[in-house]
There are 2 protein chains.
Amino acid sequence: MQYLKIKDAIVEQIEDGMLTARQKLPAERKLAEAFDTTRVTLREALSMLEAEGRVYREDRRGWFVSPEPMSYDPTQTLNFTNMALAQQRQPRTELLAAKQVLASKHAAKKLELPPFSDIYRIDRVRYLEERPVLYVTNFIRAELFPDLLERDCSQNSLTDIYREHYGVEYQRIRYRITTSSLQGEIAQVLRATAGTPAMVVERINYSQTGELIDCDIEYWRHDAISIDSIAELSV
Amino acid sequence: MQYLKIKDAIVEQIEDGMLTARQKLPAERKLAEAFDTTRVTLREALSMLEAEGRVYREDRRGWFVSPEPMSYDPTQTLNFTNMALAQQRQPRTELLAAKQVLASKHAAKKLELPPFSDIYRIDRVRYLEERPVLYVTNFIRAELFPDLLERDCSQNSLTDIYREHYGVEYQRIRYRITTSSLQGEIAQVLRATAGTPAMVVERINYSQTGELIDCDIEYWRHDAISIDSIAELSV
DNA sequence: TCTACTCTTTGGACTATACCAATATTTAGG
DNA sequence: CCTAAATATTGGTATAGTCCAAAGAGTAGA
């Protein structure tokens, strides 16, 4: 089982510091030659390391060493930016689209609204150290937040806007974590090849009054996060 | 991009009910021929479906259609068996080992104990409909539960034993969710090929008095679960 | 100095084939 | 009829290439 040796050799180089976080690995052809094997086998080893979160791939750009994952608590209101800063990471957010639309069947169901209701849809990519690691789409009940889109969603966090301008805060969060793979536009924006494994977090948020406010769906580069949380059991 | 067509064709057959949950797909060579391609490409498509959780592989046995995932709430004390039964699934647990050992460095750290402390280590595999989907290892502070191993850990849930015989209950749970891949014995027990992507849940549990009781590490077949939970934010 | 075009390298995708060992199946024997 | 040995099938792993398009590097021109 040659690919095990290749894996181990690469892991060793990472742990010895010969390859450091975010560094690009040599070209596949060169690595294959170095390990005296073919590209197919080499790629098998690399894919396995990718599944383990040790390396990641950027589409048509090559393989890179994964940095430490950021720890993420979906039960905190703490937004991405603050979460990253608290962990000495460099966050950046890019607004892809923010518009008022008619709810798709899927969105309507999650928001518990009749089909074709008015909602806002906000698409964003979030970066850590200039690497795109998260694609989020928010679906928001428009009736609760008139003129939300007039406010600058690219600079301010949604939770801040909710609180400051509408007096609404999250009180209860339902979330669902699954794994899937990246496809199409999402893959592209995350600089991933279609089929790259990913972590999917879906959240539905309720306000102080128990009212459903919004929901989101988050596609994470799976090597970039570790989901960490604490649950207190009310007895 | 041929593998996309193969993927879609298989997904279609699953959704049309021509292939049903837990059913074995035809042999790779036959599928490759049917799609007029090579095994390499065919396997690429299947691996992608595996990453998406639509099919799973049993080592040297072939590819199978994934059933609906079981929903799992790590913040509930509800044990595996009851969780499964509540969702009309057939659970089964197999005890692999239950012994008193000296804490490894890793276990000691997680249990906040000095190295070489006495702990119990319990290894189990858990099945759904006779498919092994979870490999759990529990590390338990031995001082808190004298003669724990005398009790039948294969029949009774740990939480029940804690409560009934020692008056200890979970009050607070820290958990961490990451993705990784299955290797060695764990892969074997789960009938997986080494390198199969997996979901890893690590929990650390504290009692009513805030004392650290035990911790565990869970390796899940990632297509077999969806982690669902609710967080109440205390304001 | 900056931009636009060209050339080279590289990753993505695919073909064709081979060997081995573990399964699964069939066949032979008690 | 059941068990054990022989056989066929199948998945796991690997080799040796090929073609293409995108990315990156280098070059020439404004």
Side-chain angles (χ1 to χ4, degrees), chain A residues 1-10 22-51 55-65 130-132 181-185 187-197, chain B residues 1-10 22-51 55-65 130-132 181-185 187-197:
Chain A
M1 251 109 61
Q2 200 159 352
Y3 72 86
L4 284 181
K5 283 179 199 150
I6 301 175
K7 263 186 55 183
D8 291 346
I10 296 176
R22 281 173 282 274
Q23 188 179 333
K24 186 178 184 304
L25 301 188
E28 289 181 1
R29 285 172 176 86
K30 293 203 175 116
L31 278 176
E33 197 185 1
F35 288 112
D36 192 30
T37 183
T38 57
R39 274 179 71 209
V40 180
T41 303
L42 192 260
R43 281 167 70 92
E44 175 131 2
L46 288 172
S47 298
M48 213 157 284
L49 288 173
E50 183 185 36
V55 304
Y56 63 93
R57 211 175 1 162
E58 294 207 351
D59 190 47
R60 303 209 138 270
R61 249 167 292 247
W63 300 83
F64 301 81
V65 178
E130 292 309 308
R131 173 189 175 204
S181 73
L182 301 173
Q183 303 295 338
E185 196 218 325
Q188 221 165 54
V189 168
L190 294 181
R191 290 190 209 141
T193 311
T196 300
Chain B
M1 250 112 62
Q2 200 159 351
Y3 71 85
L4 284 182
K5 281 178 201 153
I6 301 175
K7 261 186 56 183
D8 291 345
I10 296 177
R22 281 173 283 274
Q23 189 178 333
K24 186 177 184 305
L25 301 188
E28 290 181 1
R29 284 172 176 84
K30 295 209 173 110
L31 279 176
E33 199 185 1
F35 288 112
D36 192 31
T37 184
T38 58
R39 273 178 73 207
V40 181
T41 304
L42 192 258
R43 281 168 69 90
E44 176 133 0
L46 288 171
S47 297
M48 214 157 285
L49 288 172
E50 184 186 35
V55 304
Y56 64 93
R57 214 178 356 163
E58 294 207 350
D59 190 47
R60 302 208 141 272
R61 251 167 290 249
W63 300 84
F64 302 81
V65 178
E130 293 308 309
R131 173 190 176 205
S181 73
L182 302 172
Q183 302 295 337
E185 196 217 323
Q188 219 164 55
V189 168
L190 294 181
R191 290 188 210 143
T193 311
T196 299

If every non-hydrogen atom of [X] is compared with every non-hydrogen atom of [Y], which pair is closest and at what distance?
X	Y	result
A:G195	A:S181	O-CB, 3.5 Å
B:E28	B:L42	O-CD1, 3.8 Å
B:Y3	B:A45	O-CB, 3.7 Å

Rounded off to whole Å, could you give me the [atom1]-to-[atom2] distance for the [X] and [N] pair?
X	N	atom1	atom2	answer
A:M1	C:dA21	CE	P	12 Å
A:E58	C:dG12	CD	P	11 Å
A:R57	C:dG11	CZ	C1'	9 Å
A:Q183	C:dG12	CD	P	15 Å
A:D59	C:dG12	CG	C1'	8 Å
A:L46	D:dA14	CG	P	13 Å
A:R191	C:dT10	CZ	C1'	17 Å
A:M48	D:dT13	CE	C1'	10 Å

So which protein N/O to nucleotides 5-10 of chain D N/O distances come out below 3.5 Å?
{"unit_1": "D:dT10", "atom_1": "OP1", "unit_2": "B:K30", "atom_2": "NZ", "d": "3.2"}

Output all residues satisfying side chain to side chain contact (heavy atoms under 4.5 Å, CB included) with [X], sequence neighbours left out; order by chain, then residue number.
X	result
A:S47	A:W63
B:R60	none
A:Q188	none

Answer whether the closest heavy-atom distance between the side chains of B:R22 and B:R131 falls below 4.5 Å.
no
Phosphate OP1/OP2 of D:dA14 contacted by A:Y3 side-chain N/O (<4.0 Å):
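Result: no.
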Going through the distances and angles, do A:L190 and A:T196 end up as a side chain to side chain contact (heavy atoms under 4.5 Å, CB included)?
CA-CA 10 Å; A:L190 294 181; A:T196 300; over 6 Å; no
List for me each residue that meets ring pair (Phe, Tyr, Trp, His ring centres under 6.0 Å) alongside B:F64, sequence neighbours excluded, and say none if there are none.
B:Y56
DNA chain C-proximal residues of residues 38-45 of chain B, any heavy atom under 4.0 Å:
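Close to the strand are B:T38, B:R39, B:V40, B:T41.
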